[in-house]
*Asks:* 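Input: one structure, supplied below.
In what follows, chains carry the letters A, B, and so on, assigned in the order in which the sequence lines appear, proteins first and then strands, with residues in each chain numbered from 1.
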Amino acid sequence: MSAGRSLNFAHFSFKQLMELDACTRCGECIIWCPTYAEKKDEAITPLKKIEQVRRFAHRQYDLWARLFGPRAVAGAEIAEHSRGTYDCTLCGRCHVVCPVHIDTRPLWLAMREQLVEAGIFPEIFAQVRERIAAEHNNLGEPNSNRLAWADNLDEPPPAAGPGEPAELVYFVGCVSSLYPMAYSIPQSLSQILRRAGIPFAVLGAEEWCCGFPLIIAGMSRQAEELARHNVAAVRAAGTKRLVTTCPSCYHTWKDTYPAILGEPLGFQVIHAVELLDELLEEQVLELGPYEKRVTYHDPCDLGRTSGIYEAPRRVLRSIPGLIFREMEHHHARALCCGGGGDVEMADPELVGMVARRRLAQAQAVEAEIIVSACQQCKRTLAGAARKERLRVRALDITEIVWEAMQNEGL
Amino acid sequence: MPADRLTVFWIAIAITLVLFLALVGLKVDLWSQGYLRDTNGQLVPRRRAGAALMIALRYVFSARFGRVIWVFLVDGLLHRRLWQEDRFRWLTHFLMLFGFFSLFALSIITGFFEEILHLGFGLDTPLVRFVTNKDTPLMALLNESLGLMILAGVLLAVFRRFILRPAQLRTASTDVTTMVLLGIILLTGYPIEAFRLIMDGTPPALAWYSFIGYPLSLAIQPLALNWPLWHYWTFMVHIAACIVLALTMPFSKFFHTLVSPIIATVNVLTGREEVQA
């Protein structure tokens, strides 16, 4: 194991370093941690991560360190801390249950930034960073393939760009653009918009990764170039609204980009569920019967991170014949699907374990379909259902709405 | 005869206070290694604590004053979320926190009246006599009741941690140290009062306001010990435990009592309203 080292605490805010001392060590977070529930690895627990970083900080800044010099942190300790920090899905459930309201998700991100600077992080993230730098998407495929999902559509979506103004730009995201399992999400949304007569455009090859995978890996600096490119591309199209089907892209555009740029974007950012909710309220969409028992899985980045809980439920409840059932854990306490936090890259087996637990909750309410508003949740849940041969389908909310629209008049 | 009890007490308290503030200062210096979002990272670490304080004060003394105070009381001190989650844990925490800080405040007020107003300035008004006389019914009752609150809270915490043993609890050595110190402070507090009642020969009509100390004094009086000596040394052990608790506080989980109300208030005020499932 490598020798000891010092760590840079400039990645944390003043408040975050205070939060390390605010932890009461009550352990409430442990009860709700989805990855600890599966692996039982103490290093994953929020309590342990906070305790470790506080200990590391003390070695560099406590009274002993002031009098006799800082003590190095042992390589084995940092390695254990890194393992726990990167086995976290960043679901943010620990924040929701923390009695003293510690804002955990940004704290875990600061820890990852610190670990990246120290060079102690899963190697796969260095590869992802290179892929995004080279091809501008996290799969490393040629970025010109971004419209592969539109190949089967009768009419390809128009491209936005200079000289081609578009009031509404649909930012598709890497997963929906490049993973065939998720193609049906942009296909559904684009057909919904067409039938509703809403003009829109996509960026195509000019759409670069939003940078979210890098930001949550602890490599936020590398996301800055992506942010500047994407914002410039959308501004060039004279856009008034940008819609995403990906909750992580949504959060990045809405919250992170203005912070990176240091200025407002100049256009509105909405998630597809908000747009669907709005179109249904305006009675623009006509829905036919969809007679299935459906439950809704709150994506972490749409729910806990962005505070959108009711819009998708209103959309589902407006579908004729649909029987809606809540799972045991929903809204702010919804269980993660396991697909967040880049854990899929670092520990794919763990993702399946968490997803199976979520699917069991869907089965407990006898849902035929577990619907989400996130391509990553859909991939994760559908993958686990297929592997376990469970009789639960995982779909995106856009797919259900499009199917209901096709049933209109039946 | 050993050195004057109160002289030792006040010298020790003064030194402890200075050391405690120095240790908290080190903590603040550690927090200052982190950036301040509102200053665009322009400040050097040694100026960040002052800037953070100014940001906080500007926020507090604004149109949001009422909301800040409400959130501080309900979420910072009374832990609304814990109340919603688990009443047993809330009660345990409330008994210890409220009891400890109220007793601490009462001791500071009593000390101020005794040492500063009475001895320092020679004041002898009815109010000064009321506060400094340990046999004043209200003062005796308050001291006994607040001590009992802490004792009940510590017993519930020990019961939960070591008998119920919920799976999420992790007991560190510093937790045990804190509980032992609190236990010593509590277990020496009542005997000190009992020894004093015997020494002073407080009449039963007044002594009964010390509703634990007085029965204890009745129980031990037949032992006919050297009560002033026992009182002196028990008091010293009591104070020593208080000093150790204060000096280990910045390094133990007990430090959260100072930090978590601030963090809870800041995060509730600046975060999103969450839909509670």
*Asks:* Check each atom of A:C23 against the heavy atoms of chain B and say whether the ones under 4.5 Å are side chain, backbone, both or neither.
*Replies:*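 Only the backbone of A:C23 comes within 4.5 Å of chain B.
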*Asks:* Examine the side chains of A:H95 and A:R304 and answer whether a donor and an acceptor come within less than 3.5 Å of each other.
*Replies:*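 No, no side-chain donor-acceptor pair sits under 3.5 Å.
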*Asks:* Can you tell which of B:A172, B:G76, B:A167 has the highest number of heavy-atom pairs within less than 4.5 Å of chain A?
*Replies:* B:A172
*Asks:* Please determine whether a side-chain nitrogen of the Lys or Arg among A:D62 and A:R54 lies less than 4.0 Å from a carboxylate oxygen of the Asp or Glu.
*Replies:* no
*Asks:* Of the listed residues (A:E326, A:Q16, A:R66), which shares the most heavy-atom pairs with chain B below a 4.5 Å separation?
*Replies:* A:R66
*Asks:* With a 4.5 angstrom heavy-atom cut-off, could you sort out which part of B:E85 is near chain A: side chain, backbone, both or neither?
*Replies:*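 Interface part for B:E85: side chain.
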*Asks:* Would you mind checking which part of A:E28 comes under 4.5 Å of any heavy atom in chain B, side chain (CB onward), backbone (N, CA, C, O), both or neither?
*Replies:* both
*Asks:* Between A:I102, A:T24, A:N8, which shows the greatest number of heavy-atom pairs under 4.5 Å with chain B?
*Replies:* A:T24
*Asks:* Going by distance alone, is a donor N or O of one side chain under 3.5 Å from an acceptor N or O of the other, for B:R81 and B:Q84?
*Replies:* no
*Asks:* Among A:F9, A:F14, A:Y61, A:Y36, who wins on heavy-atom pairs under 4.5 Å with chain B?
*Replies:*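 With the most close heavy-atom pairs to chain B, the winner is A:F14.
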*Asks:* Could you tell me whether the side chains of B:R160 and B:T92 share a donor-acceptor contact shorter than 3.5 Å?
*Replies:*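 No donor-acceptor contact under 3.5 Å links the two side chains.
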*Asks:* Between B:F61 and B:F65, is the ring centroid distance below 6.0 Å?
*Replies:*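 For B:F61 and B:F65, the ring centres are under 6.0 Å apart.
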*Asks:* For B:R80, which atoms come within 4.5 Å of any heavy atom of chain A: side chain, backbone, both, or neither?
*Replies:* neither
